[in-house]
Colleague: 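Sharing a structure, written as structure tokens. Questions coming.
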Amino acid sequence: MSAGERPVAGIELGGTKCVAVLGTGPDDVRDEVRVPTTTSDETLGRLTDVLAGWAEGGEISAVGVGSFGPLQLEPDAPDYGRIVRTPKPGWSGADLTRLAIPDCPFGLDTDVTGAALAEARWGRAQGLASHIYITVGTGVGVGIIVNGNPVGGLGHSEAGHLRVGRLAGDSWPGACPWHGDCVEGLASGAALAARLGQSAETLSESDPVWETVIHALSGLMHNLVLTATPQRILLGGGVVTGKPWLLTRLQEALVEILAGYAHAEALEMRQYLQSPGLGDRAGPMGALALGLQALDKVSCRSAQ
């Protein structure tokens, strides 16, 4: 799409803030509004008002929503579009279809899947048939793209809750309310804060707690490489952003843990495991990508 075409409205719904963007891609953002994430009614109400204002100012071609989850994404389910069993107080059962505009294509998925699709359109996954986007922030999210489409079935991917082998000598029980010492329970920002009693932002590179993070994340990627067989892994999120040394150590750890097995032997790890091309814009651009994907599907059906 070019700047002269009808824009898409994208909503990135995060745990602390929401970003609403109007545009067609990274080089054509016509408006952007940030809304704090408070109660579900207040937050969704404010975002609905933003969308209504944009719709009044000109025709919106589609709406895309990338949200924290878990989400019900089965279109035929009676609770389609709702957030289910989230630890965020007051948000379980929140209906995200409130953000749809009548007679307008509507795309909904997790925020990390949206970011993965954005990287395929505009970032470091362009031209790839399969890739994985991992975000390590408050939680650990994983977006898996195969043949250009998100992996789904019983539900969306929740690979951040995979269990991996524990680092020898580490007996801390983990912070995940469901699984304790899954990857999210060991390596997320929330887990580090629970373990340390403070944010991990001020930790030095030599702090031994990073060994537990590296061990958990490399174990996660080991499992993903050998199951989903992605052509590239992109690693973002607040815990790893701005820490090139951590990316380097994770590249080294992944080489070690894969041990040259099968197709892993041929990997050039600096090309294989990278930071996102869109940086911290992957989230809001992911919402636009979900809207564009919904628009593409309607266009394909119309052409048949």
Side-chain angles (χ1 to χ4, degrees), residues 66-71 73-74 107-137 139-165 176 178-179 181-188 213-237 239-240 247 250-278 282-283 286 289-290 293:
S67 174
F68 65 88
L71 304 175
L73 297 178
E74 175 52 54
L108 172 66
D109 214 310
T110 63
D111 47 2
V112 68
T113 294
L117 290 170
E119 286 290 329
R121 282 184 180 266
W122 305 296
R124 289 183 174 154
Q126 292 181 77
L128 301 180
S130 67
H131 70 283
I132 288 177
Y133 184 101
I134 301 174
T135 181
V136 187
V140 176
V142 180
I144 304 174
I145 307 299
V146 176
N147 294 326
N149 294 304
V151 168
L154 176 63
H156 55 74
S157 171
E158 285 285 0
H161 288 269
L162 287 173
R163 283 195 169 99
V164 297
C176 175
W178 285 283
H179 312 118
D181 60 353
C182 63
V183 175
E184 179 169 296
L186 293 172
S188 67
V213 173
I214 292 167
H215 187 82
L217 292 178
S218 61
L220 168 65
M221 291 186 286
H222 168 94
N223 291 342
L224 292 172
V225 168
L226 297 178
T227 53
T229 63
Q231 293 171 290
R232 181 165 294 159
I233 297 176
L234 301 171
L235 183 65
V239 171
V240 298
L247 179 64
L250 282 165
Q251 290 167 335
E252 294 169 350
L254 187 54
V255 169
E256 181 177 356
I257 196 172
L258 287 171
Y261 181 71
H263 47 273
E265 183 177 8
L267 294 180
E268 169 47 58
M269 196 54 66
R270 285 176 297 178
Q271 295 298 317
Y272 186 73
L273 174 58
Q274 299 189 43
S275 58
L278 296 172
L290 288 167
Q293 184 185 58

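In this chain, numbering begins with 1 at the start of the sequence shown.
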Colleague: For Tyr133 and Gly236, which heavy atoms make the closest approach, and how far apart are they?
Modeller: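 The answer is OH-CA, 4.3 Å.
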Colleague: What is the minimum heavy-atom distance between Gly283 and Ala115, and which atoms define it?
Modeller: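 What the structure gives for the nearest pair is N-CB, 4.5 Å.
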Colleague: Which heavy atom of Thr113 sits nearest to which heavy atom of Gly143, and what is that distance?
Modeller: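 Shortest heavy-atom separation between Thr113 and Gly143 comes out as OG1-CA, 4.1 Å.
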Colleague: Before giving the answer on side chain to side chain contact (heavy atoms under 4.5 Å, CB included), spell out for Leu267 and Leu258 the whole-Å C-alpha distance, their side-chain angles and the decisive distance to 0.1 Å.
Modeller: CA-CA 10 Å; Leu267 294 180; Leu258 287 171; 4.2 Å; yes
Colleague: Minimum heavy-atom separation for Gly148 to Leu117, with atom names?
Modeller: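 Looking at all heavy atoms of both residues, the closest pair is O-CD2, 4.0 Å.
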Colleague: For Ser218, give me all partners under side chain to side chain donor-acceptor pair (under 3.5 Å), at least two apart in sequence or on another chain.
Modeller: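 Expected list: none.
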Colleague: Atom CG of Leu250 and atom CG of Leu217: how far apart are they, to the nearest 0.5 Å?
Modeller: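 It is 5.5 Å, given to the nearest 0.5 Å.
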Colleague: List the steps and the verdict of side chain to side chain contact (heavy atoms under 4.5 Å, CB included) for Leu73 and Asp109.
Modeller: CA-CA 7 Å; Leu73 297 178; Asp109 214 310; 3.4 Å; yes
Colleague: Of the non-hydrogen atoms in Cys182 and Cys176, which two are nearest, and what is the gap between them?
Modeller: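 Closest heavy-atom pair between Cys182 and Cys176: SG-CB, 3.6 Å.
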Colleague: Atom CG of Leu254 and atom CE of Met269: how far apart are they, to the nearest 0.5 Å?
Modeller: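 Between Leu254 CG and Met269 CE, I get 4.0 Å after rounding to 0.5 Å.
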Colleague: Let me confirm one number: the CD-CD1 distance from Glu252 to Ile257, rounded to the nearest 0.5 Å.
Modeller: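 Rounded to the nearest 0.5 Å, the CD-CD1 separation comes out at 14.0 Å.
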Colleague: What residues form a side-chain contact (heavy atoms from CB on, under 4.5 Å) with Val140, not counting sequence neighbours?
Modeller: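 Result, side-chain contact (heavy atoms from CB on, under 4.5 Å) vs Val140: Ile134, Val136, Val183, Glu184, Ser188, Leu220.
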Colleague: Sequence neighbours left out, what pairs pass salt bridge (charged side-chain N to carboxylate O under 4.0 Å, His left out) with at least one residue falling in residues 268-278?
Modeller: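 Output for this query lists Glu268-Arg270.
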Colleague: Please find the pair of heavy atoms, one from Val239 and one from Ala187, that lie closest to each other, and give the distance.
Modeller: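 Answer, listing the atom of Val239 first, then Ala187: CG1-O, 4.3 Å.
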Colleague: Taking only residues two or more places apart in sequence, or in another chain, which ones meet His161 in a ring pair (Phe, Tyr, Trp, His ring centres under 6.0 Å)?
Modeller: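 Listed in chain order: His179.
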Colleague: Decide side chain to side chain contact (heavy atoms under 4.5 Å, CB included) for Ile233 and Val225; before the verdict, give the C-alpha distance in whole Å, the side-chain angles of both, and the deciding distance to 0.1 Å.
Modeller: CA-CA 9 Å; Ile233 297 176; Val225 168; 3.9 Å; yes
Colleague: To the nearest 0.5 Å, tell me how far Ile145 CD1 sits from Gln231 CD.
Modeller: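 Reported value, rounded in 0.5 Å steps: 12.5 Å.
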Colleague: With sequence neighbours excluded, tell me which residues meet salt bridge (Lys or Arg N to Asp or Glu O under 4.0 Å) with Arg232.
Modeller: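 Arg232: no salt bridge (Lys or Arg N to Asp or Glu O under 4.0 Å) contacts found.
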Colleague: Can you run down the side-chain hydrogen bond (donor to acceptor under 3.5 Å, both in side chains) pairs that involve residues 117-131, sequence neighbours left out, and say none if there aren't any?
Modeller: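 Checked against side-chain hydrogen bond (donor to acceptor under 3.5 Å, both in side chains) - neighbours excluded - the pairs reaching residues 117-131 are Arg121-Asp296, Arg124-Ser275.
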Colleague: As an exercise, state the distance from CG of Leu278 to CG of Leu234, rounded to the nearest 0.5 Å.
Modeller: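 Atom-to-atom, Leu278:CG and Leu234:CG are 9.0 Å apart.
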Colleague: Can you measure from OG1 (Thr229) to CD1 (Ile144) and round to the nearest 0.5 angstrom?
Modeller: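 It is 10.0 Å, given to the nearest 0.5 Å.
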Colleague: Evaluate the criterion side chain to side chain contact (heavy atoms under 4.5 Å, CB included) for residue pair Leu290 and Gln293; output intermediate values, then yes/no.
Modeller: CA-CA 5 Å; Leu290 288 167; Gln293 184 185 58; 4.2 Å; yes
